[in-house]
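Below, all heavy atoms of this structure are taken into account, side chains as well, without hydrogens, waters or symmetry copies. Counting from 1, the numbers follow the sequence of the chain as shown.
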Amino acid sequence: MMSSMSDQGEPRHDRPESTTGGDGVGSGDAARSTGLGASVRRWVSSRPRGVVVTAGVLAFALLGGGAVAAGAATAPDAGTARVAASSPEPAVTVTPTPTPSVDPARSVPAEIPGATRLRTCSVTGAASDARLAQFEGSVVNAATGEVLFDRNGSTPARTGSVLKTLTSAVALSVLGPDARLTTRVTGDAGTGAVSLVGGGDATLSATGSSVYAGAPTVADLATQVKASLGEQPLTQITLDATFWNPSDKWDPSWKRTEQTIGYHSEVTALMVDGDRANPAAQTSPRSTDPVARAGDAFRSALVAAGVVGADSATMTQGAATSGTVIAQVSSQPVGRLISQLLPTSDNTLAEMLARVSSKASGADGSAASLTALYKSVFSSTYGLDTSSLTIIDGSGLSENDAVPSTFVARLMIQVLNREHGLGVVYDALPVSGKTGTLASRFTGANAVARGAVHAKTGWIDTAYTLAGTVDAADGTKLTFAFYAIGSVQDDARAALDTLTTAVYNCGDNLANG
């Protein structure tokens with residue numbers, strides 16, 4: 001199952017060829033025979049068979065083709081000969097251009113322009129590890145965009161928490177890194193009625209102790225309410241979670257154990273502390289009514305602030321009764337929220353950013369709006385092919401999310417290059433053996449890649465995933481996305497680490513075969 005710290009830390013793969021005539025050209029072409037041909041023979045004798053075959057074909061094409069062309073240019077045409085014999089005009093003599101001598105040291109270039117590089121480092125064994133079950137994956141050279149490794153990379157599949165990197169990219173595009181999520185209290189003087197209006201900020205805290213550093217508090221709201229009401233008695237408190245449809249709070253594909261164990265809350269626009277029973281614990285049981293829990297915290301804060309009648313005021317859930325703002329608090333900036341959600345894989349925070357992004361884009365904030373939203377953003381802002389995306393949620397908890405691994409690997413190029421503000425995502429990614437949900441991973445033989453992999457982990461019951469960037473041993477910057485899908489166990493994490501380490505060791509010499 002997926003987690004917040006649930007990614008445990010989520011806490012739940014001779015001899016040279018000979019050619020006729022020595023160099024494949026006519027014996028009369030002395031310059032080629034002693035220059036380029038001799039050079040080819042010397043070059044061939046020092047190369048492995050696989051390279052020689054490729055070079056032989058290229059040499060034949062370059063040299064043999066040249067001989068044919070030369071013959072075509074110098075052979076007399078029969079019709080021309082007859083005309084020349086009967087014509088009073090002198091015959092035209094075609095003099096072949098002399099072939100320049102060839103410097104043997106330069107006769108065969110190290111790389112032929114346009115030729116595909118022959119790569120020899122294989123990770124097939126690591127990619128075939130049974131622990132990876134039904135494996136899909138992609139590796140891309142971040143500098144050239146060349147796909148170095150592909151296993152069903154164009155096939156959409158469940159991503160687990162890797163999807164949180166997509167959600168973060170959407171929020172950065174739609175909301176911007178400096179946007180803040182606001183919770184308001186509305187009311188009209190003299191009525192004795194106020195409304196607590198949620199704006200999708202899951203970090204609003206009931207206490208000063210929260211997993212979300214710098215979170216706003218209900219105590220601050222209550223102090224402002226007291227200043228506004230003075231000695232006016234409070235008679236009615238309305239809890240407004242209608243920023244999106246309050247009933248659109250739990251996807252049928254999610255397991256309720258995510259809620260009871262403490263990895264994920266219901267997705268309501270009004271809540272406190274991510275609806276945790278213990279605000280200071282990353283993994284903590286969530287309630288069946290986040291809005292009511294927020295109301296209880298608000299009432300307690302009003303009483304503590306000395307608001308008259310707060311202890312006995314009637315409390316209901318529904319739409320606000322006034323549009324006049326008498327108090328408000330705001331979350332940390334979106335960029336900061338992303339730096340809080342990615343290292344710990346916070347499901348609730350990811351869902352809130354997805355829904356608020358939907359609202360800000362002009363949609364209704366529903367889960368059903370997310371596929372269209374993500375397709376629009378990734379096409380228009382990031383220039384990626386979104387034709388095969390299916391987005392059920394913002395966290396990646398659903399098995400019905402479907403994103404090709406190549407799509408994620410290509411997005412990670414922009415993350416690595418800090419394009420479109422995505423440096424926020426790169427800086428928040430867990431680092432192999434050092435931070436976040438990768439802090440305790442990449443051990444043993446895989447420790448060689450500690451600090452070199454910046455990647456998002458993922459875990460649901462039917463998938464373990466890993467996607468991000470690799471600073472390879474040869475200095476090459478690579479991006480990747482790996483999915484282990486199906487009947488997977490906890491040991492799939494180690495198999496993913498081993499495969500990623502193999503990619504680290506290969507660098508730009510990574511072979512697809």
Side-chain angles (χ1 to χ4, degrees), residues 13-17 44 46-58 110-112 114-155 157 162 404-410 412-413 416 432-433 441-455 464-486 488 491-513:
H13 207 245
D14 181 290
R15 75 180 176 240
E17 293 281 321
V44 163
S46 67
R47 264 58 179 182
R49 180 187 180 99
V51 175
V52 170
V53 171
T54 302
V57 172
L58 290 170
E111 292 188 15
I112 299 173
T116 300
R117 172 177 170 178
L118 180 65
R119 292 177 167 87
T120 59
C121 188
S122 175
V123 297
T124 299
S128 301
D129 192 318
R131 294 175 294 176
L132 297 176
Q134 180 184 327
F135 174 72
E136 297 183 12
S138 303
V139 180
V140 178
N141 181 313
T144 66
E146 182 179 1
V147 176
L148 303 186
F149 175 87
D150 181 278
R151 294 295 182 273
N152 298 313
S154 62
T155 303
V162 164
S405 62
T406 298
F407 176 95
V408 179
R410 293 206 177 280
M412 287 297 174
I413 295 177
L416 176 65
S432 53
R441 291 175 54 171
F442 285 83
T443 59
N446 296 328
V448 66
R450 289 170 67 91
V453 180
H454 294 236
Y464 280 91
T465 57
L466 188 65
T469 71
V470 178
D471 298 326
D474 65 359
T476 305
K477 302 287 189 180
L478 305 173
T479 64
F480 73 99
F482 294 151
Y483 304 162
I485 302 169
V488 288
D491 57 6
R493 282 193 292 261
L496 287 170
D497 294 353
T498 297
L499 174 56
T500 306
T501 301
V503 168
Y504 163 83
N505 288 327
C506 285
D508 196 44
N509 195 33
L510 176 61
N512 195 37

> Supply the atom-to-atom distance Thr500 OG1 to Leu466 CG, rounded to the nearest 0.5 angstrom.
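Result: 4.5 Å between the selected atoms.
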> Under the ring pair (Phe, Tyr, Trp, His ring centres under 6.0 Å) test, which residues partner Tyr483, sequence neighbours left out?
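By the ring pair (Phe, Tyr, Trp, His ring centres under 6.0 Å) rule, Tyr483 matches no residue at all.
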> What is the distance from atom OG of Ser405 to atom CZ of Phe149, rounded to the nearest 0.5 Å?
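Those atoms lie 9.0 Å apart.
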> Roughly how far apart are Asp129 CG and Thr124 OG1, rounded to 0.5 Å?
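Rounded to the nearest 0.5 Å, the CG-OG1 separation comes to 13.0 Å.
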> Rounded to the nearest 0.5 Å, what separates atom OG1 in Thr476 from atom CG in Asp508?
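Output value for this atom pair is 4.5 Å.
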> Looking at Asn512, is its backbone amide N or carbonyl O close enough to the side chain of Arg119 to form a donor-acceptor pair, meaning the two atoms are under 3.5 Å apart?
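No; zero donor-acceptor contacts below 3.5 Å.
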> Do Leu496 and Arg441 come within less than 4.5 Å of each other through their side chains, counting heavy atoms only?
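Yes - at least one pair of side-chain heavy atoms lies under 4.5 Å apart.
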> Could you tell me the separation between the CZ atom of Phe480 and the OG atom of Ser138, rounded to the nearest 0.5 Å?
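The CZ atom of Phe480 sits 11.5 Å away from the OG atom of Ser138.
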> Do you know the tightest heavy-atom contact between Asn446 and Ala494?
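Nearest pair, atom of Asn446 first, then Ala494: ND2-O, 4.1 Å.
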> Output yes when a side-chain donor or acceptor of Thr465 lies under 3.5 Å from a complementary backbone atom of Phe482, and no otherwise.
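Pair absent, no side-chain N/O of Thr465 close to backbone of Phe482.
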> Kindly give the heavy-atom pair with the smallest separation between Ala492 and Arg131, and that separation in Å.
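That would be CB-O, 3.5 Å.
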> Please report the closest heavy-atom contact between Ala409 and Thr479, naming both atoms and the distance.
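Heavy atoms of Ala409 and Thr479 come nearest at O-OG1, 2.8 Å.
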> Determine whether a donor-acceptor pair (N or O, by modelled atom type, separation under 3.5 Å) exists between the side chain of Arg410 and the backbone of Gly145.
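Side chain of Arg410 to backbone of Gly145: a pair is present.
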> Keeping the roles fixed (side chain from Thr501, backbone from Ala447), state whether a donor-acceptor pair exists under 3.5 Å.
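Flag not set: sc Thr501 to bb Ala447 has no pair under 3.5 Å.
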> Measure the CG-OH distance between Asp491 and Tyr464 for me, rounded to the nearest 0.5 Å.
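Rounded to the nearest 0.5 Å, the CG-OH separation comes out at 8.5 Å.
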> Please find the pair of heavy atoms, one from Ala495 and one from Leu132, that lie closest to each other, and give the distance.
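Ala495 and Leu132 have their closest heavy atoms at CB-CD2, 3.6 Å.
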> Considering all heavy atoms of both residues, which atom of Ser432 and which atom of Ala452 are nearest to each other, and what is their separation?
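Result for this residue pair: OG-N, 3.4 Å.
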> Please name the residue in the list Asp497, Val448, Thr498 that meets the side-chain contact (heavy atoms from CB on, under 4.5 Å) test with Phe442.
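Option passing the side-chain contact (heavy atoms from CB on, under 4.5 Å) with Phe442: Asp497.
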> Check each of Leu478, Ile413, Leu416 against Thr469 using the side-chain contact (heavy atoms from CB on, under 4.5 Å) test, and report the only one that passes.
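Filter result, single survivor: Leu416.
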> Please find the pair of heavy atoms, one from Arg151 and one from Gly513, that lie closest to each other, and give the distance.
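That closest heavy-atom pairing would be NH2-C, 4.3 Å.
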> Quick one: does Asn141's side chain have a donor or acceptor within less than 3.5 Å of a partner on Thr144's backbone?
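Pair found, side chain donor or acceptor close to backbone of Thr144.
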> Do side-chain atoms of Thr406 reach the backbone of Gly153 as a donor and acceptor pair under 3.5 angstrom?
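Judged by distance alone, yes, a pair lies under 3.5 Å.
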> Is there a side-chain contact between Val453 and Tyr504 (heavy atoms, below 4.5 Å)?
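When only atoms from C-beta onward are counted, Tyr504 and Val453 do not touch, as no gap falls below 4.5 Å.
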